[in-house]
Structures are given as structure tokens and as C-alpha cells.
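What's counted below: heavy atoms across the whole structure, side chains too, no hydrogens, waters or symmetry copies.
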Amino acid sequence: MPEPDDTVEIYAPPLFEPGEKVQSRFTVKNDGTMWDAELGEVVVHKGDVGYVRDIGTYLQRYYIYAVEFVGRQRIVGMRGRELIGLDIQQEGSR
């Protein structure tokens, strides 16, 4: 049985900033929060690349990143652990 996530992310700065290029670490299905997709429909595939548009919070504990996946023409709310920052990887490889 998975352990509960006791982390309070908002005590630290966000992992990503608006405009930052990110990649999805997982395939994400609609959990019922997206009005334009069927329940259980895949809305983001692992490896899809997008850009952080905005940052919000959920339950006063977690950052939710509104990520625009241009190739899929949709904006999806994602947790930081579901994303990889591509801007950081590119800077580190220089």
C-alpha cells in the first residue's frame, strides 16, 4: 500500500517557472477534471513536451503547474514530480 504524501511543497519555491520548457514523465489520463476529454482518456503521453503557463496550489500543500502541450493543443494541470525541466538539462549540457 503506498504511503501518504506528507510533503508540503509550498514551503519551498516552485520547481518550475512560467515559460519553462518541461517534459511529462508519465502518461496522464483524465481523472474527471478536464471537461473536454472523456473520463480515462489519455490527455498527455510520457515524453510529451510543453511549457509552464501558470502555477497554482492544491489543498494549500502542492504546486499545480498548468502546462500547455502545444502539440496536443491542451493545457493540463500537473504536479512537479510528473515533470522534467528541459531548460535545466539544456543549460547543464553546455
Side-chain angles (χ1 to χ4, degrees):
M1 182 175 204
E3 294 183 29
D5 186 357
D6 292 335
T7 305
V8 180
E9 295 174 4
I10 64 170
Y11 290 162
L15 297 174
F16 308 104
E17 295 296 326
E20 192 167 342
K21 187 176 184 179
V22 293
Q23 183 177 40
S24 177
R25 294 182 61 216
F26 306 102
T27 294
V28 178
K29 296 180 180 181
N30 181 19
D31 60 1
T33 57
M34 298 187 70
W35 63 271
D36 63 341
E38 294 292 323
L39 185 63
E41 178 183 336
V42 173
V43 293
V44 175
H45 287 274
K46 179 179 179 178
D48 282 353
V49 174
Y51 296 87
V52 176
R53 287 183 56 138
D54 197 10
I55 304 167
T57 60
Y58 178 67
L59 298 176
Q60 298 178 347
R61 297 180 66 100
Y62 310 109
Y63 288 113
I64 300 297
Y65 301 90
V67 180
E68 182 172 8
F69 292 94
V70 179
R72 296 207 169 272
Q73 297 182 341
R74 71 172 64 234
I75 298 169
V76 180
M78 300 186 71
R79 297 268 313 268
R81 66 182 182 201
E82 298 174 311
L83 300 167
I84 298 169
L86 296 179
D87 289 343
I88 294 170
Q89 288 179 352
Q90 290 172 353
E91 289 172 9
S93 64
R94 291 183 198 165

Undergrad: Minimum heavy-atom separation for Asp87 and Gly19, please, with both atom names.
TA: OD2-O, 4.3 Å

Undergrad: Kindly work out whether a path of hydrophobic side-chain contacts (I/L/V/M/F/W/Y, heavy atoms less than 4.5 Å apart) joins Met78 to Tyr51.
TA: no

Undergrad: Nearest 0.5 angstrom please: Phe26 CZ to Ile84 CD1, how far?
TA: 8.5 Å

Undergrad: Indicate if Val28 and Val70 have the same hydrophobic cluster label, given that clusters are the connected sets of ILVMFWY residues with side-chain heavy-atom separations under 4.5 angstrom.
TA: no

Undergrad: Would you say Glu41 has more than 12 foreign heavy atoms packed within less than 6.0 Å of its CD?
TA: yes

Undergrad: Show the nearest heavy-atom pair for residues Ser24 and Leu83, with the distance to one decimal.
TA: CA-CD2, 4.3 Å

Undergrad: Which pair of heavy atoms, one from Val22 and one from Phe16, lies closest together, and at what distance?
TA: CG1-CD2, 3.8 Å

Undergrad: Give, for atom CD of Glu38 and atom CG of Asn30, the distance between the pair rounded to the nearest 0.5 Å.
TA: 8.5 Å

Undergrad: Identify the two heavy atoms, one from Glu9 and one from Tyr63, that lie closest to each other, and give their separation to 0.1 Å.
TA: OE1-N, 2.9 Å

Undergrad: Go through it in stages, so that I can follow the logic: the residues are Ile64 and Arg79, the test is side-chain contact (heavy atoms from CB on, under 4.5 Å), and I'd like the CA-CA distance, side-chain angles, deciding distance and then a yes or no.
TA: CA-CA 5 Å; Ile64 300 297; Arg79 297 268 313 268; 3.8 Å; yes

Undergrad: To the closest 0.5 Å, what do you measure between CD1 (Ile55) and CD (Glu17)?
TA: 5.0 Å

Undergrad: For a side-chain contact (heavy atoms from CB on, under 4.5 Å) check, start with the C-alpha distance between Val43 and Arg72, then their side-chain angles and the critical distance, and finish with the verdict.
TA: CA-CA 8 Å; Val43 293; Arg72 296 207 169 272; over 6 Å; no

Undergrad: Compare every heavy atom of Ile75 with every heavy atom of Ala66, then report the nearest pair and how far apart it is.
TA: CB-CG2, 4.0 Å

Undergrad: Quick one: does any side-chain atom of Gln23 pair with a main-chain N or O of Val49 as donor and acceptor, under 3.5 Å?
TA: no

Undergrad: Rounded to the nearest 0.5 Å, how far does CZ of Arg74 lie from CD of Glu68?
TA: 12.0 Å

Undergrad: Closest approach of Tyr65 and Leu15, non-hydrogen atoms and distance?
TA: OH-N, 2.8 Å

